[in-house]
Amino acid sequence: MFKETQSSKDNLTILLQRHFGFASFRANQEAVCQAAIDGRDVLLIMPTGAGKSLCYQLPAIARGGTALVISPLIALMDDQAHKLAALGLRVARIHSGLDRDAARQACRDYLDGNLQFLFIAPERLRVSGFAQMLAKRKPSLIAIDEAHCISQWGHDFRPDYRLLGQYLPALRPAALIALTATATAMVQEDIVEQLGMTGAAKFVHGFRRDNLAIEVVEVAKPKRVEFACQLLADKTRRPAIIYAPTRKDAEIIATELATRFPAAAYHAGMEAADRDRVQRAFLEGRLDAVVATIAFGMGIDKADVRTVIHAASPASLEGYYQEIGRAGRDGQQSRVILMHSYADRRTHDFFFERDYPDVEELNKIFKKLSDAPQPSDGVRYALKMDADVFDKALEKLIAHGGAEIDFSGNARRASANWRPAYLRHFNGKHAQGELVMRYIESTQCRMSGLVAHFGDAVDSRRPCGKCDICLPAECIAQRFRPATDAETKLALEAVKTLRRGGTKSAGKLHEEVCGNNHTSRDEFETLLKAMTTVGLVQSEDAKFEKDGRTIPYRKISLTREGEEWNGSADFALLLKDDAGTATTAKPRTKSNAAAAGAAEQAAPLSADSAALKEKLKTWRLSAAKTLGQPAFCVFTDKTLHAIAHERPRTLADLVAISGIGATKALKFGDDICRICGEAT
Ligand code: ADP
Ligand code: MG
């Protein structure tokens with residue numbers, strides 16, 4: 001038995017050397033190849049550059065016959081096909097960039113069994129007769145590259161990938177191998193389900209980055225620009241990339257940084273030539289920092305980035321992982337810092353509410369539509385819906401198949417099945433935001449949390465030893481202090497509770513330990529974090545499904561040390577010291593938020609801010625006149641005071657101020673930000 005395994009191992013290595021000229025397999029490649037050669041379906045998730053292609057190419061050669069490779073981009077297809085041809089393998093492509101004769105020849109070669117690899121674009125399957133042609137001579141292996149494109153949760157959703165599920169069965173029993181770099185648990189489930197590959201061997205590897213120290217730090221919004229400047233004042237922390245939530249934020253931060261060292265903004269609103277210039281200057285070391293929008297950092301690839309800062313919490317952990325991944329490509333130690341505060345949650349809720357209307361809003365429109373096209377404006381009028389809400393809801397209805405619209409704006413009813421699709425999208429998007437919040441509040445090692453998020457259950461058990469949870473003493477963005485006697489006592493109480501009752505959710509533990517004292521959840525979380533760091537307890541992010549939604553929570557359990565601890569000073573608890581960072585009150589509960597709001601009101605205004613408040617009042621008067629409403633209906637004095645104090649320059653800043661709802665932010669946001677911008 002052993003001998004056989006050994007010899008098949010040798011055979012694989014020989015194939016690797018003979019056909020690809022590589023001396024040895026990279027981590028995990030061999031196991032994946034073996035599974036595919038054995039005829040198993042495979043879901044393979046490894047980061048970009050890890051060497052996924054080999055994992056279908058080598059099995060294809062070993063199995064003989066033709067491998068069908070489905071790939072979303074012509075450039076990607078051409079590149080891989082050329083590389084394989086250069087290795088002396090028999091390859092053909094069929095895509096829209098080639099002429100008909102070439103495509104016909106490729107089909108003939110395929111049917112004659114002359115090909116080892118046939119690359120096609122997914123939309124080709126829609127061409128009549130093409131799928132039948134493929135089925136005449138079944139492939140020996142089917143590889144689906146960039147498989148996340150099949151899922152709306154992947155960042156590159158491609159409708160044509162949806163076709164695959166319906167055409168694959170006719171091409172079976174070939175083994176299926178789906179490859180991607182960015183699949184979260186949600187995307188993975190989607191891929192498996194849609195491709196019909198239940199029972200596939202799943203390989204998730206390589207997401208750990210050993211040279212990144214991750215910090216997550218609470219910083220009030222108005223203080224973040226200055227905080228970023230302070231963090232980067234030390235030259236050894238540069239070059240740096242700062243991610244900002246909007247273009248305007250990027251401009252503001254870049255302008256401020258540029259007063260200290262060479263820095264510039266980089267975002268999609270800039271001319272391509274300007275962007276190129278910034279990128280080149282950064283790559284060549286003439287700029288110390290670029291401030292990019294989260295949506296547009298793609299082009300930046302520089303090996304020696306020492307620091308990546310997020311100036312606001314990201315929209316998804318996938319995006320966040322990619323962005324922090326731009327630090328330390330040279331393998332040198334690097335640090336990544338995420339700034340957040342409760343205000344970020346408000347901002348996210350705002351954008352979520354704006355972009356994902358309630359399913360009932362869509363339903364109202366659907367019911368009002370008929371089979372005959374009618375002007376959409378008329379529908380909106382009949383429904384008395386706000387224009388912004390209507391446009392968004394109609395857009396979503398169309399996107400999920402419930403309505404169609406023509407070029408002159410006439411809408412008609414389409415499929416009645418739009419609802420589950422929309423709910424799926426809605427819930428999934430909501431879960432993405434929740435997972436980011438959980439990550440931020442987590443007491444689990446940061447790197448482990450990310451590795452677990454990508455589905456590597458084995459590797460996620462190892463703490464990184466560098467992040468703010470594992471090694472608080474080395475943090476640069478936050479300071480820590482020793483626990484007081486009362487806190488140590490509380491920690492012991494928590495340990496005893498766990499000893500009695502076993503693993504508990506963090507919420508339940510707080511309830512049981514702090515039910516009779518006045519320790520808030522926030523304070524208790526800080527203590528839990530400290531206990532995790534010294535290894536008294538373990539914290540693990542978990543989730544359960546309820547009504548189609550994923551609800552995340554944290555499980556707290558005792559470690560062996562925790563089982564034995566009696567409150568002795570062997571375990572020096574270090575708690576986050578608010579004084580060490582630029583933090584303000586952290587309203588997490590409604591009553592806290594109200595209290596913080598009151599504090600803002602009480603804060604006296606500087607002369608400049610008082611002048612700004614007067615300007616805002618003048619604006620309010622004219623806005624009220626236009627609307628034919630009393631001034632306080634626009635904004636109360638209290639809210640104007642808070643605006644003058646906070647000086648929001650972007651919509652995201654504005655909605656972070658308590659007392660400002662989504663509707664008003666949308667209506668007046670541009671005016672307010674302009675006035676505050678002029679005053680700065
Ligand atoms: P991915 O698809 O995972 O992003 P690729 O399959 O394009 O990555 O591989 C990235 C690079 O690694 C390619 O240049 C490839 O030739 C190289 N590579 C893959 N496997 C090996 C190996 N075992 N030894 C050396 N180089 C390898
Ligand atoms: Mg690839």
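Counting starts at 1 for both ligands and their atoms, in listed order.
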Legend entry - atom 13 (C) of ligand 1 touched by protein heavy atom at under 4.0 Å: no
Legend entry - atom 20 (N) of ligand 1 protein-contacted (non-hydrogen atom, under 4.0 angstrom): yes
Legend entry - Contacting atoms of ligand 1, where contact means under 4.0 angstrom from a heavy atom of Pro47: 3 (O)
Inset, instruction - Pull out every atom of ligand 1 sitting under 4.0 Å from any heavy atom of Gln29, numbered as shown with elements. - result: 19 (C), 20 (N), 21 (C), 22 (C), 23 (N)
Starting from [atom], locate the nearest protein heavy atom and write down its residue, its atom name and how far away it is, to 0.1 Å.
atom	result
atom 26 (N) of ligand 1	Arg26 NH2, 3.3 Å
atom 10 (C) of ligand 1	Gly49 O, 3.7 Å
atom 8 (O) of ligand 1	Gly51 N, 3.3 Å
atom 24 (N) of ligand 1	Phe22 CG, 3.5 Å

Inset, instruction - Determine whether the side chain, the backbone, both or neither of Ser24 has a heavy atom under 4.0 Å from any heavy atom of ligand 1. - result: backbone
Legend entry - ligand 1-proximal atoms of Lys83, by part, heavy-atom distance under 4.0 Å: neither
Inset, instruction - Examine distances only and state if a side-chain atom of Thr293 and a backbone atom of Pro245 form a donor-acceptor pair shorter than 3.5 Å. - result: no
Inset, instruction - Please work out which of Lys52, Gln80, Glu146 has its closest non-hydrogen atom nearest to atom 1 (P) of ligand 1. - result: Lys52
Inset, instruction - Would you mind checking if Lys83 and Asp79 are paired as a salt bridge, meaning a charged N to carboxylate O distance below 4.0 Å? - result: yes
Legend entry - Close approach of Met46 to ligand 1, heavy atoms, under 4.0 angstrom: no
Legend entry - Arg172 and Asp41: CA distance, side-chain angles, deciding distance, salt bridge (Lys or Arg N to Asp or Glu O under 4.0 Å) verdict: CA-CA 11 Å; Arg172 293 287 210 160; Asp41 284 351; 2.9 Å; yes
Mind listing the side-chain donor-acceptor pairs of residues 162-170 below 3.5 Å, one per line with the distance, residues two or more places apart or on another chain?
{"unit_1": "Arg162", "atom_1": "NH1", "unit_2": "Gln194", "atom_2": "OE1", "d": "3.0"}

Inset, instruction - Please work out which of the three classes, parallel, tilted or perpendicular, describes the rings of Phe203 and His205, given edges at 30° and 60°. - result: tilted
